[in-house]
2 protein chains.
Amino acid sequence: MKLSVKSDYAARAVLGLSRQYQSGKALRIEDLAKGQNIPQNYLVQILIELKSQKIVKSIRGKEGGYLLNKAPEDITFGEILRCIHGDIFEPAALGNNECPQALKSAWEKMQSCLDETADSIHFRAIMEEDNQTREMYYI
Amino acid sequence: MKLSVKSDYAARAVLGLSRQYQSGKALRIEDLAKGQNIPQNYLVQILIELKSQKIVKSIRGKEGGYLLNKAPEDITFGEILRCIHGDIFEPAALGNNECPQALKSAWEKMQSCLDETADSIHFRAIMEEDNQTREMYYI
DNA sequence: ATCACTTTTAACGGAAAGTTTCACTTTTAC
DNA sequence: GTAAAAGTGAAACTTTCCGTTAAAAGTGAT
């Protein structure tokens with residue numbers, strides 16, 4: 001079951017903005033796109049979705065750009081995924097009356113396992129892990 | 001993230017065959033399709049995939065049909081999903097060099113959580129749960 | 001006011017994947 | 001040999017994905 005690249009881009013964008021968070025400065029779409037190797041015009045659409053969920057905010061005009069709307073420790077992986085894909089894991093079975101209840105509960109188990117895992121990962125942790133592996137490459 | 005109906009159909013088909021398992025008799029595609037409300041011609045394709053993974057076997061000709069190739073307790077939910085979709089959860093990020101390692105490990109956590117859950121559910125349990133809820137409706 | 005710089009919004013289009021149906025072939029029991 | 005079943009390939013159709021384009025609108029400096 002392949003996941004589209006869209007959520008990958010979104011996660012990378014949020015990580016990119018997380019690195020910038022403490023500076024308080026806005027990052028231009030162009031720079032964010034280049035820094036993360038994301039097609040700029042596609043990133044635009046993604047950022048707007050992230051903004052509509054208040055994960056990110058923007059400043060227009062000169063010196064404008066994007067910033068996180070909350071601290072990285074308050075943004076979870078699950079939040080990002082839900083913003084981009086709706087439910088993280090949405091089996092067709094659950095919306096289908098023909099599906100036996102016992103199978104539905106199997107699907108629900110899968111769903112809640114994924115939800116819980118995704119919600120337990122926040123971007124502060126990702127960023128710190130990221131810093132460590134980056135150090136490793138320097139040494 | 002919507003899942004296609006294909007794996008729903010596959011799971012229902014295997015459940016249908018599980019019910020039949022102890023009788024040792026083959027079930028015609030037509031009957032299986034009608035019993036589970038699955039488009040018959042689509043079910044054909046799904047059964048062939050299940051057969052190629054030795055989850056199911058078939059008998060051709062008159063009096064032919066489909067049977068499980070193993071006992072329901074030896075068939076897991078994960079097995080079915082992998083048969084239909086390849087990897088159960090395959091984030092685009094993991095095949096992408098541009099994606100920072102820290103994000104990749106987040107994706108990997110999601111992946112293994114789902115794998116473990118799916119592999120812990122087998123069809124004997126689903127069938128028994130199914131029998132119980134069916135009894136409830138009778139009483 | 002005008003200009004340069006930025007985000008915002010809407011629409012378009014090719015490619016790929018998902019779902020379904022159809023026609024034809026092969027195998028088997030009787 | 002005939003009828004009943006699975007096997008196979010492919011066509012038709014719909015939807016989603018990925019990205020591009022172009023125009024609009026807000027912001028601050030000159």
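Values reported hereafter were calculated over all heavy atoms of this structure, with side chains retained and with hydrogens, waters and symmetry mates removed. Residue numbers start from 1 in every chain, and the chains themselves are labelled A, B, ... in the order their sequence lines are given, proteins ahead of strands. Being a predicted model, the structure only gives us computed values, none of them experimental.
- Closest to the side chain of Ile48(B), out of dG7(D), dT21(D), dT9(C), is dG7(D).
- Taking atom CG of residue Leu43(A) and atom P of nucleotide dT20(D), one finds them 12 Å apart after rounding to whole Å.
- Ile29(B) comes within 4.0 angstrom of sugar-phosphate atoms only, judged by non-hydrogen atoms across all strands, and of no base.
- Evaluation of the side chain to side chain donor-acceptor pair (under 3.5 Å) test over residues 100-112 of chain A, restricted to residues two or more places apart or in two chains, returns Ser105(A)-Glu129(B).
- At the heavy-atom level, Lys57(A) lies nowhere under 4.0 Å from the strands shown.
- In this entry the distance linking CD of Glu63(A) with P of dA4(C) reads 17 Å, nearest Å.
- A sub-4.0 Å separation between OP1 or OP2 of dA16(C) and a side-chain N or O of Lys2(A) is absent.
- The distance from atom NE2 of His85(A) to atom P of dT16(D) is 12 Å, rounded to the nearest whole Å.
- One interatomic measurement links the two molecules: CG of Asp31(A) to P of dT7(C), which rounds to 9 Å at whole-angstrom precision.
- Asp130(B) contributes no side-chain N or O that, together with a main-chain N or O of Ala102(A), makes up a donor-acceptor pair within less than 3.5 Å.
- Counting non-hydrogen atoms of other residues, nucleotides and ligands closer than 6.0 Å to NZ of Lys2(B) gives a total of 12 or fewer.
- Taking for each of Lys62(A) and Gly64(B) the nucleotide of DNA chain D with the nearest heavy atom, the 5'-most of the two is the partner of Gly64(B).
- Side-chain N/O atoms of Arg60(A) and base N/O atoms of dA25(D) include a donor-acceptor pair closer than 3.5 Å.
- Relative to the side chain of Val44(A), the nucleotides dT9(C), dG7(D), dA29(C) differ in distance, and dT9(C) lies closest.
- Between Leu68(B) and Val56(B), some side-chain heavy-atom pair lies under the 4.5 Å cut-off.
- Between Leu27(B) and Ala92(B), the residue anchored nearer the 5' end of DNA chain D, judged by the nucleotide with its closest heavy atom, is Leu27(B).
- An OP1 or OP2 oxygen of dT20(C) is reached within less than 4.0 angstrom by a side-chain nitrogen or oxygen of Tyr9(B).
- The salt bridge (charged side-chain N to carboxylate O under 4.0 Å, His left out) analysis of residues 56-67 of chain B, with sequence neighbours excluded, yields no pairs.
- Between the CD1 atom of Ile46(A) and the C1' atom of dT20(D) there is a distance of 14 Å, rounded to whole Å.
- With rounding to whole Å, Asn41(A) atom CG is found 16 Å from dA10(C) atom P.
- A salt bridge (charged side-chain N to carboxylate O under 4.0 Å, His left out) with Glu49(B) is found for exactly one of Arg82(B), Lys6(B), Lys54(B), namely Lys6(B).
- Tyr66(B) has no side-chain polar atom (N or O) that falls below the 4.0 Å cut-off from OP1 or OP2 of dA5(D).
- Distance from the side chain of Arg28(A) is smallest to dT6(C) among dT6(C), dA29(C), dG19(D).
- A donor N or O paired with an acceptor N or O is found under 3.5 Å between the base of dT21(C) and the side-chain atoms of Gln45(B).
- Atom CG in Asp8(B) sits roughly 15 Å away from atom P in dG18(C) (whole-Å rounding).
- The separation between Leu47(A) atom CG and dT6(C) atom P is 15 Å, rounded to whole Å.
- A close approach under 4.0 Å does occur between a side-chain nitrogen or oxygen of Ser58(B) and OP1 or OP2 of dG7(D).
- The shortest distance between the side-chain N/O atoms of Ser4(B) and the OP1/OP2 oxygens of dA17(C) is not below 4.0 Å.
- Within the structure, a side-chain polar atom (N or O) of Tyr42(B) is placed less than 4.0 Å from OP1 or OP2 of dT19(C).
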